Amino acid sequence: MSSSSPVAGAAATIPLALRLNGRATTFNVEPQVTLLDLLRERAGLTGTKKGCDRGQCGACTVLVNGRRTLSCLALALAHAGDEITTIEGLAENGELHAVQAAFVEHDAFQCGFCTAGQIMSAVAVIAEGRAHSSDEIREAMSGNLCRCGAYSNIVTAVHAAGERR
Amino acid sequence: MRTFEYVVADSPAAARRLVREVAGARFYAGGTTLVDLMKSDVESPPRVVDISRLPLTAIELSGDVVRIGALARNSDVAYDPAVASRFPAVSEALLSGASGQIRNAATVGGNLLQRTRCTYFREARWRCNKREPGSGCDALDGFNRGHAILGASDACIATYPGDFAVALAALSAHVIVEGEGGERRIALDELYLLPGNRPQHETSLAPGELITAIELRDEPLHRRSHYLKVRDRASYEFALVSVACAVALDGGTIAAARLALGGIATVPWRSRDAEASLEGAPPGDAAFARAAEVALAGAHARPHNAFKVELAKRAIVRALRTVCGSSR
């Protein structure tokens, strides 16, 4: 009896089935493909950004089964059967998610490169109930860097979106 | 990242076999250390064994022993009431590490095995005895501000960067390991090896052995514990110096004390001599400062990190003040 899944040699692919923004999808991926590269290059979901590709900037933050995580440090194949939510999956029926709306209202971005990761992280922080004070938000969001320095408006936006719940 | 063979293990025994079969194979749990190092070619395993779905995530109480599954995620352990109430230093240490996203992915077993942040280890252009045995150590004459003042050798001065293991060391944790001969239980102290002249060997784990759980004992001493982390940024940064401590007070004296240091040693650094100096003494700065002197007695500073000696002493005093419940 086999006690392991099919083995892939170099350049061979393995079937991968998971749910992206509520839709069941399948791919055939090489082992070294990260979840980030799967999203951007295979699924065409380029909203999630590759900032450092080393797990240091947070721009690649997505939700996996509702929990925020860095897609650049995850092997795609390790997420078979999981529910992945990206920035593209937040709006419902054409209406911005409360956090997206708050980022617009409070001018919480400049170049926009960190923004998808900030928003995904914020969605999770609010759901975890850790967005009650500015100090708490700063600590909870410390894994999302912004080189434009939009932090103060980001904190305001997260606070406002959290209040709206 | 170079390609590799990817397999999923459906049991701990299968995982061990799959890793032992191929030289250089690695376990994949949370991926937060492994994938990072694979992108830098510091690690290039020919086979990656995915253990992330193994049922080793439970946090269980059995009498006065709390057993934490090695695949439990950092955030889940930190926020678990059973852990936070009994071992505050452990919960504090976990929450002081990394970022929310990383804590959600990283497993506690993998956390123990995280690699040093030494730039000369992480970038292949530099000479590093840990990465390439016998090649030399560019940190000795390099930018060694973050490097170790305790437990180092002329072959390696790389700091153990983790927080969780330092808190576990202070609270006398044990690690459960599954290997060829079955299950063995080792004191956390015994997991880590000093670099000596073989810095490539960081732990006492045999090839293919799998950490399955971490055990902690619930007792009043551990319930009165604290983790202090001192660093350049307020969050999302490794420790320059960290202190895990616990104290049991009996009337006006310290009945028992535990002290471990992070950010300044090559392994999680339990200071038993400092603990002995505290026991029987009245809590207060005099005793705390004496313990700090004892703890740092063997420190060997490098050109860029001499500040850590004084910083560590002050951090010890501050942490002990906190855990003893006083502000002076």
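Only this structure's heavy atoms are used, side chains among them; waters, hydrogens and symmetry mates stay out. Chain A is the first sequence line, chain B the second, and so forth, proteins listed ahead of strands; every chain is numbered from 1. Remember, predicted model here, so these are calculated numbers, not experimental data.
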Worksheet item: Tell me, side chain or backbone of B:Leu95 under 4.5 Å from chain A's heavy atoms, or both, or neither?
Response: backbone
Fill in: Evaluation steps, side chain to side chain contact (heavy atoms under 4.5 Å, CB included), between B:Asp76 and A:Arg67
CA-CA 11 Å; B:Asp76 293 332; A:Arg67 284 159 57 119; 2.9 Å; yes
Worksheet item: Do any N or O atoms from the side chain of B:Tyr28 and from the backbone of A:Leu75 form a donor-acceptor pair under 3.5 angstrom?
Response: yes
Fill in: A:Ser142 and B:Arg233, any side-chain heavy atoms less than 4.5 Å apart
no
Worksheet entry | Reported CZ-to-CZ distance for the pair B:Arg103 and A:Arg68, which is rounded to 0.5 angstrom | 7.0 Å
Worksheet, complete the sentence: Output for pair (A:Asp53 CG, B:Met1 CE), nearest 0.5 Å, gives 7.5 Å
Item to complete: Any chance you could measure B:Thr32, atom OG1, to A:Leu70, atom CG, to the nearest 0.5 Å?
Response: 9.0 Å
Item to complete: Over all heavy atoms of both residues, which pair between A:Leu145 and B:Tyr236 is shortest? Give the atoms and the distance, please.
Response: CD2-CD2, 4.4 Å
Worksheet item: By number, which residues in residues 77-89 of chain B have some heavy atom less than 4.5 Å away from chain A?
Response: B:Tyr79
Discussion item. Using heavy-atom distances under 4.5 Å, tell me whether A:Thr69 contacts chain B through its side chain, its backbone, both, or neither.
Written reply: both
Item to complete: Please state whether the side chain, the backbone, both or neither of B:Asp50 comes within less than 4.5 Å of a heavy atom of chain A.
Response: side chain
Worksheet item: Which residue out of B:Gly100, B:Ala98, B:Gly31 racks up the most heavy-atom pairs below 4.5 Å with chain A?
Response: B:Gly100
Worksheet item: Can you tell me how far OG of B:Ser52 sits from NE2 of A:His79, rounded to the nearest 0.5 angstrom?
Response: 7.5 Å
Worksheet item: Looking only at heavy atoms, what is the nearest atom pair of A:Pro31 and B:Thr3, with distance?
Response: CD-OG1, 4.0 Å
Worksheet item: Within a reach of under 6.0 Å around CZ of A:Arg147, are more than 12 heavy atoms found that belong to other residues, nucleotides or ligands?
Response: no
Item to complete: Tell me, out of B:Gly30, B:Ala13, B:Ala234, B:Ser40, who's got the most heavy-atom pairs with chain A below 4.5 Å.
Response: B:Ser40
Worksheet item: Is it the case that B:Gln101 and A:Asn144 place a side-chain donor and acceptor less than 3.5 Å from each other?
Response: yes
Practice prompt. For chain B, find which of A:Arg130, A:Arg138, A:Gln56 contributes the most heavy-atom pairs closer than 4.5 angstrom.
Written response: A:Arg130
Worksheet item: Hey, what do you get for CD (A:Glu30) to CZ (B:Phe4), rounding to the nearest 0.5 Å?
Response: 10.5 Å
Worksheet item: Do other residues, nucleotides or ligands put more than 12 heavy atoms under 6.0 Å from the CZ atom of B:Arg2?
Response: no
